[in-house]
Structures are given as C-alpha cells and as structure tokens.
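Shown next, in structure tokens, is the structure this report addresses.
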Amino acid sequence: MSELKHEINREKLPKHIAIIMDGNGRWAKSKGKLRIFGHESGVKAVRDTVESCAELGVSYLTLYAFSTENWNRPALEINALMSLLVSTIASETKTLMNNNIRLQTIGDTASLPKKCRNELAEAIQKTSGNTRMTLVLALSYSSRWEITEAVKHIASKIQSGEMNTEGITEELISNHLNTAGMPDPELLIRTSGEHRISNFLLWQISYAELYFSPVLWPDFRKEHLYEAILSFQQRERRFGMTSEQVKDV
Ligand code: IPE
Ligand code: IPE
Ligand code: MG
C-alpha cells in the first residue's frame, strides 16, 4: 500500500489532469535501444497513470500522445507510433470497459492512418457510455491548430448570419475548441525534465498549475503521479486575488 496515496486529499483533487508524456527516446537511448522501444515501454506508464487517476477519482485525464509537429519525425518512427497506437487501443479497450472509462480524442484525427481512425472510432463508440473517468488522447494535436479551427468555425457562423461579433465570448471560444464541455486542466504535468508546453492546450491551461518531473516517461509510475498531485494540493491558487482573499473563502 502506498504511503503517498494516503496523503492525498480526495476533496481537493484536480478534476482534470493533463500530461505531456515526454522522454521515451532518451530512455531507449540510455539503454542502447531504438527510440521505438522507448515508445513501447511507455505504454506501461500510460496504464499506471490511467489506473491511478481512475482509482483516485479524477474525472478527466488528457494525454499528449502525438503532436502536429511530431509528423516531422522520420517516417519509420511515425509508422511505428501509429502501429503502437492501433495495437494498444485494441488490447486496452477491454480494460477501459472493465474500469468504466470513456475514451475520447482531441486533435486532427482525420489525418491519422485509416487503421488508427477505425480502431479509435470503435473504442470511442464502445466506451461512450462509461462514466467513471474520461481518458482523452491528444493525437495529431496542437493548440494553434485547434484555435485556428475554432476561429474559422466562428467566422463562418458570423458570415452566414447565424451570430454576430457581440456573441464572441470566452465561453463561446471554449465551446468551439476540441475540449468543449470538459473542465480546464487544473494540473499539467510534463515528464523528462523539459520545461516547455510544446503547443499543448494553450487556451485551456491559462490557470493550470504546472509540474515538471525529471522522470523519463517509461519510468513514470503511480508514486510519481501522487507526488505531482500532492504538490498541486500544497499550492495556493489565487486566480489574481490576494492570499488573504483566497483564505477568506
Ligand atoms: C515522447 O517521447 C513521445 C512522443 C513525442 C511521441 P519522445 O519521443 O519525445 O522522447 P525524447 O524527448 O526524444 O526523449
Ligand atoms: C511533445 O513532445 C509532444 C508529445 C509528448 C506527444 P515532443 O518531444 O515532441 O516536444 P518537443 O518538440 O521536444 O518540444
Ligand atoms: Mg520529446
């Protein structure tokens, strides 16, 4: 039984955790293996993270699995990642069902190979009625792409007379993003010691707490997640107010 897990205050859990799963390539390299071995080994970390978030009672978990910019990697690596995605979805759907977890995606999934699209569509459909937690995979995702799409969509509604510019509010913009209907992430974790956002959820993380872990993604385990949540719970979230104001509430 984990000590850290019991230190977590279940009343103060982040509703939505987002993770930039980074460091697979370096992990493999340190072992003298090919990068793809790092990606394959990262699946275990995904399982651990999904399981612990569901156990704790986190409502949304978003995992950055493939960015728009990742299309610039060598074709061999891209193909291997796509195959890994297909085989992982196929083998894990059962676990998602058993654990009452719903699968969703954000990103330009239309650009994924047909096999991936089909596998994803099937898993999303099968798990659509699950209610314990929503697992969101960011695939072919970048925040600038998402915001650009939202702007196009809103502009076309104005052009057609469906709405006018007065109707553009923060809420309307949020509702035109891929994450419409989801609460904003309260905790953003990035592994591998890199301190950057890499085009992930720029609008949605406006007030997220950031947590950077030096652990390479394939080594990320439940204890690391608990550490991140405990760090989140020790912080004072002021939202522009003073410390005194926040303490009064
Ligand atoms: C993260 O690990 C996985 C993806 C981006 C698909 P990397 O592949 O970026 O690993 P490093 O950063 O090169 O170590
Ligand atoms: C970000 O990781 C994207 C994912 C984790 C899927 P990268 O490894 O691609 O990010 P940069 O390019 O080093 O910033
Ligand atoms: Mg990386």
Side-chain angles (χ1 to χ4, degrees), residues 1-21 42-66 84-107 109 116-139 141 174-175 177-191 200-201 204-205 207-209 211 213 215 217-218 220-233 237:
M1 204 39 106
S2 149
E3 288 295 313
L4 283 179
K5 189 178 183 182
H6 296 295
E7 286 176 36
I8 293 175
N9 179 351
R10 303 290 180 108
E11 312 285 299
K12 275 180 65 184
L13 277 179
K15 278 191 201 62
H16 186 170
I17 298 179
I19 306 184
I20 303 174
M21 312 183 286
V43 176
K44 167 89 177 99
V46 172
R47 261 190 228 117
D48 252 47
T49 306
V50 171
E51 202 177 283
S52 40
C53 283
E55 280 169 5
L56 286 171
V58 172
S59 304
Y60 287 85
L61 171 66
T62 299
L63 301 177
Y64 204 5
F66 194 83
L84 183 64
L85 181 64
V86 172
S87 60
T88 307
I89 300 288
S91 64
E92 299 299 317
T93 306
K94 219 168 146 189
T95 314
L96 295 180
M97 290 309 292
N98 290 339
N99 289 288
N100 195 13
I101 298 168
R102 171 171 72 157
L103 180 71
Q104 290 190 345
T105 57
I106 54 171
T109 46
C116 289
R117 293 201 311 267
N118 291 346
E119 205 63 60
L120 281 167
E122 199 183 317
I124 289 169
Q125 211 282 325
K126 257 195 197 148
T127 62
S128 61
N130 293 346
T131 53
R132 188 174 174 210
M133 183 178 86
T134 302
L135 169 63
V136 183
L137 291 184
L139 292 166
Y141 175 89
S174 293
N175 288 337
L177 298 175
N178 287 188
T179 49
M182 300 176 197
D184 284 340
E186 290 169 281
L187 171 61
L188 172 70
I189 301 171
R190 183 173 189 144
T191 59
F200 192 42
L201 302 173
Q204 297 89 335
I205 61 167
Y207 257 108
E209 293 296 328
Y211 181 88
S213 165
V215 175
W217 180 251
F220 197 80
R221 290 293 171 273
K222 291 187 175 186
E223 298 298 311
H224 300 117
L225 183 83
Y226 300 150
E227 277 170 21
I229 294 175
L230 283 169
S231 166
F232 168 85
Q233 293 189 333
R237 305 188 74 204

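As the structure is a prediction and not an experimental result, all values here were calculated from the model. Every heavy atom of this structure was used, including side-chain atoms; hydrogens, water molecules and symmetry mates were not. For the single chain, residues carry numbers from 1 onward in sequence order.
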[atom1] of [X] to [atom2] of [Y]: how many Å apart, nearest 0.5 Å?
X: Y64; Y: Y141; atom1: OH; atom2: OH; result: 7.0 Å
X: L201; Y: D184; atom1: CG; atom2: CG; result: 9.0 Å
X: I106; Y: L177; atom1: CD1; atom2: CG; result: 9.5 Å
X: Y60; Y: T134; atom1: OH; atom2: OG1; result: 4.5 Å
X: N100; Y: N98; atom1: CG; atom2: CG; result: 10.0 Å
X: L230; Y: L4; atom1: CG; atom2: CG; result: 6.0 Å

Determine the minimum heavy-atom distance between [X] and [Y], stating which atoms define it.
X: A208; Y: P185; answer: CB-O, 3.4 Å
X: I101; Y: A54; answer: CD1-CB, 4.0 Å
X: A65; Y: M21; answer: CA-CE, 3.7 Å
X: Q204; Y: T179; answer: NE2-OG1, 2.8 Å
X: V58; Y: M133; answer: O-CG, 3.3 Å

Can you confirm whether [X] sits close enough to [Y] that some side-chain heavy atom of one is under 4.5 Å from a side-chain heavy atom of the other?
X: I17; Y: I229; value: yes
X: I89; Y: E122; value: no
X: L135; Y: Q104; value: no
X: L63; Y: I20; value: no
X: I8; Y: Q233; value: yes
X: F232; Y: E186; value: yes
X: F200; Y: T62; value: yes
X: W217; Y: T49; value: yes

Exercise for the section: Let me see the working for N99 and E51 under side-chain contact (heavy atoms from CB on, under 4.5 Å), right down to the final yes or no. Expected result: CA-CA 8 Å; N99 289 288; E51 202 177 283; 5.7 Å; no
Whether the side chain of [X] engages the backbone of [Y] through a donor-acceptor N/O pair (distance < 3.5 Å, no angle test) should be reported.
X: T191; Y: S213; result: no
X: T88; Y: L85; result: no
X: R102; Y: K126; result: no
X: S231; Y: E227; result: no
X: N175; Y: A180; result: no

Worksheet item: Given C53, which of L13, L61, D48, I19 fulfils the side chain to side chain contact (heavy atoms under 4.5 Å, CB included) condition?
Response: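 Going through the options one by one, the only one that passes is L61.
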* **Residues K44, R221; criterion side-chain contact (heavy atoms from CB on, under 4.5 Å); working and verdict** => CA-CA 9 Å; K44 167 89 177 99; R221 290 293 171 273; 3.2 Å; yes
Given the rule in the side-chain contact (heavy atoms from CB on, under 4.5 Å) test, do V86 and L120 qualify, once you have shown the distances and angles that lead to the verdict?
CA-CA 8 Å; V86 172; L120 281 167; over 6 Å; no
- Should E55 and K222 count as an ion pair when the cut-off is N to O under 4.0 Å?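 Yes.
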Derivation of the side-chain contact (heavy atoms from CB on, under 4.5 Å) call for L188 and Y211: CA-CA 6 Å; L188 172 70; Y211 181 88; over 6 Å; no
